[in-house]
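The structure displayed is predicted, hence computed values, not measured ones. Here is how names work: the chains are called A, B, and so on, in the same order as the sequence lines, proteins then strands, and each is numbered from 1.
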There are 2 protein chains.
Amino acid sequence: MTFDEAKDKFIHTWGTLATQWGINRSMAQLHALLLISPEPLATEDVMEQLQISRGNASMNLRDLMDWGLIYKQLKPGERREFFIAEKDIWKVARQVAKERRRREITPVVEVLNELKAIPADTPEAAEFHRVMEGLSNVVGFADNTLNAVIKAEENWLVGQFLKVFR
Amino acid sequence: MTFDEAKDKFIHTWGTLATQWGINRSMAQLHALLLISPEPLATEDVMEQLQISRGNASMNLRDLMDWGLIYKQLKPGERREFFIAEKDIWKVARQVAKERRRREITPVVEVLNELKAIPADTPEAAEFHRVMEGLSNVVGFADNTLNAVIKAEENWLVGQFLKVFR
DNA sequence: TTGTACTTTCAAAATATTTTGAAAGATTTA
DNA sequence: TAAATCTTTCAAAATATTTTGAAAGTACAA
C-alpha cells in the first residue's frame, strides 16, 4: 500500500465509521484529513481534497470547532482562514467524552430521575419503577466512566490501558 | 405525571436518544416497550401500542433478537409468538458493549494496524504514523474498557460505580 | 390436501439527513 | 467609498434511511 492509498483509506474508513456514531461523513472526513495534515489547511484545500462544496466545508468546520476538535489558525499576511486539528489524541478523546456526556448522558439522567418518581402502585408501575432504577444505575456508571476519562491525565489513561491489557 | 404519561415519555425519550446512537426509532421504542412490560407481548400488541406496521415490527424485533436484547417466548396453546425483553439491565449493558465492540471497535483495530505499518519516510508520512499510533492507543483503551464491562460481574460494576461516585 | 393463522420479505413510498451552490454577509485593501 | 476576497447562510436538490403493506412463505389443524 502506498502512502496516498493509506491516506485515502484512513479518511474513507473514518468517514464510514462515523455514520455508525451519528456523525456525518463530511465532518468525519474533514477531521481525519486535518488530523493527518502536518500543515494547516484552508477551506479551498479541504474542498478540493475531499471533493465537497464550500457550504458543506464551512458548516462542518464550524461543527468541528464547536466540538473542540479543530482550531482556526490565522497566517500573517494571509486573508483566508486556516484550520488545524488538535493533535493530542488523548485530548481529543477527553473532548469527545465531554461533549457526548453533555449531549447524551445528562439529558437522560434528568428524564430518568423524573420517571423514577412515579409511584409503583400497580404491577405494571412496579415493573416500570424497577426498570428506571436499573437504567439509572447503568447510566450512572457510564456517566462516571466518561467523567473519569474527562478528568484523567494522559498517564492515568495509558496506565489503565496497560493494566487491563496486561 | 400519570403512569401512562410516564410510560409514553420513556418510550419517546428512548426512541429520540437512539437516533443519536445510530439506532432507529422503531427498534429503540420496541425495546423500551418490552423492557417495561411485565408480560410478554405479541406482534399485534406492539404494532398497536407503537402504531407501526407489521413489517417494521417484524424486522426490528428480529434485530433486537440479534442484539440479544429480547427473546421469543412461546405460550402453550398459543400459535403466535410472544416477545420478552432481557430484564437484567446489567446483562443488557454487557450485551450492548459486546455487540458494539464486535461491530465498531474490532474493524477499526484491524485498519489501524494495517495503516501503522506504512513507512514514515517523509514529514507527511511521519505525521500520519504518529496519528495512527495515537489512535491505536485510544481505541485500545476503549476496547479494554468495553472488555472489562463485558467480562465483569454485576457486583464489580456496581462497585466501580460507587467507587468513582464516592 | 386445504384452510387458517400467523411470520417474513422486499419493492415502493415516506421521511430524514446531508449536500449543494448561489446569494448575502463580513472584512480587508485600494 | 468601492472593489476584492473570503465566509456564512439556507432553500432546494440529492442521497440515505426507515417504514409500509401486500404478497410470499411457513406451520399447524382439520
Side-chain angles (χ1 to χ4, degrees), chain A residues 11-34 39-67 70-84 103-104, chain B residues 11-34 40-67 69-84 103-104:
Chain A
I11 292 171
H12 173 264
T13 303
W14 220 239
T16 304
L17 210 82
T19 52
Q20 298 182 321
W21 279 79
I23 293 163
N24 74 48
R25 209 179 60 224
S26 297
M27 183 167 154
Q29 291 190 343
L30 279 169
H31 187 222
L33 176 62
L34 288 171
E39 295 297 322
L41 298 179
T43 307
E44 288 283 353
D45 299 331
V46 300
M47 284 168 58
E48 189 181 348
Q49 291 211 45
L50 301 179
Q51 289 289 305
I52 60 174
S53 72
R54 188 173 301 282
N56 193 358
S58 172
M59 291 172 105
N60 283 115
L61 286 169
R62 177 151 46 98
D63 283 351
L64 282 167
M65 286 192 291
D66 290 346
W67 274 82
I70 66 172
Y71 311 110
K72 254 184 199 165
Q73 194 165 76
L74 298 171
K75 281 195 187 178
E78 282 273 14
R79 179 104 159 242
R80 62 217 161 117
E81 297 171 326
F82 289 78
F83 297 91
I84 193 162
R103 296 173 193 219
E104 294 166 27
Chain B
I11 291 171
H12 174 265
T13 302
W14 221 236
T16 304
L17 210 81
T19 52
Q20 298 182 319
W21 279 81
I23 292 162
N24 76 48
R25 209 179 61 224
S26 298
M27 184 167 152
Q29 290 190 344
L30 278 168
H31 187 223
L33 176 62
L34 287 171
L41 299 179
T43 307
E44 288 284 354
D45 299 332
V46 299
M47 285 168 58
E48 188 180 352
Q49 292 212 44
L50 302 178
Q51 289 291 304
I52 61 174
S53 71
R54 187 173 300 283
N56 194 357
S58 171
M59 290 171 108
N60 283 115
L61 287 169
R62 176 149 48 96
D63 284 351
L64 282 168
M65 286 193 290
D66 290 346
W67 274 82
L69 299 180
I70 67 171
Y71 312 109
K72 254 184 200 166
Q73 195 166 78
L74 298 172
K75 282 197 187 178
E78 281 275 12
R79 181 105 158 238
R80 64 217 159 120
E81 297 171 326
F82 289 79
F83 298 90
I84 192 161
R103 297 174 194 219
E104 293 166 27

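Atom P of nucleotide C/dT28 and atom NZ of A/K75 are separated by 18 Å, given to the nearest angstrom. Spacing between atom CD1 of B/I23 and atom C1' of D/dT17 amounts to 15 Å, rounded to whole angstrom units. Look at NZ on A/K72: it is 14 Å from P on D/dC6, rounded to the nearest Å. At whole-Å resolution of the value, CZ in A/R54 and C1' in D/dT9 are 14 Å apart. Between the C1' atom of D/dT8 and the CG atom of A/N56 lies a distance of 13 Å, rounded to the nearest Å. Straight-line distance from the CG atom of A/L50 to the C1' atom of C/dT18: 15 Å, rounded to whole Å. Rounded to whole angstrom, the span from the CD atom of B/Q20 across to the C1' atom of C/dA16 amounts to 15 Å. Whole-Å rounding puts the A/D63 CG to D/dT7 P distance at 17 Å.
The side chain of B/M59 sits closest to D/dT20 out of C/dT28, D/dC10, D/dT20. The side chain of B/N24 lies closest to D/dT18, out of C/dT7, D/dT18, C/dT18. Considering only the side chain of B/I52, D/dT20 comes nearest among D/dT5, D/dT20, C/dT8. Set against C/dC6, C/dG21, D/dT7, the side chain of A/S53 has C/dG21 as its closest nucleotide.
Where A/F82 and A/T19 each meet DNA chain D at their nearest nucleotide, the meeting point lying more 5' is that of A/F82. Residues A/A57 and A/R79 both approach DNA chain C. Their nearest nucleotides, taken by heavy-atom distance, put A/A57 toward the 5′ side. Map A/R25 and A/R62 each onto its nearest nucleotide of DNA chain D; the residue landing nearer the 5' end is A/R62.
Checking the phosphate oxygens (OP1, OP2) of D/dT19, a side-chain nitrogen or oxygen of B/S26 falls inside 4.0 Å. For the OP1/OP2 pair of C/dC6 and a distance below 4.0 Å, the side-chain nitrogens and oxygens of B/T43 include no atom meeting the criterion.
Two residues are said to be in side-chain contact when any heavy atoms from C-beta on lie closer than 4.5 Å; B/L17 and A/E104 fail this criterion. Side-chain contact between A/I84 and A/Y71 is present, with at least one heavy-atom pair separated by less than 4.5 Å. Looking at heavy atoms from C-beta onward, A/L33 lies out of side-chain contact with A/W14 at the 4.5 angstrom threshold.
Between B/N60 and the options B/L30, B/I52, B/V46, a side-chain contact (heavy atoms from CB on, under 4.5 Å) holds for only B/L30.
The residue A/E44 sits apart from the nucleic acid: no heavy atom pair falls under 4.0 Å.
Proximity of a side-chain donor or acceptor of B/E48 to a complementary backbone N or O of B/D45 within less than 3.5 Å is not detected.
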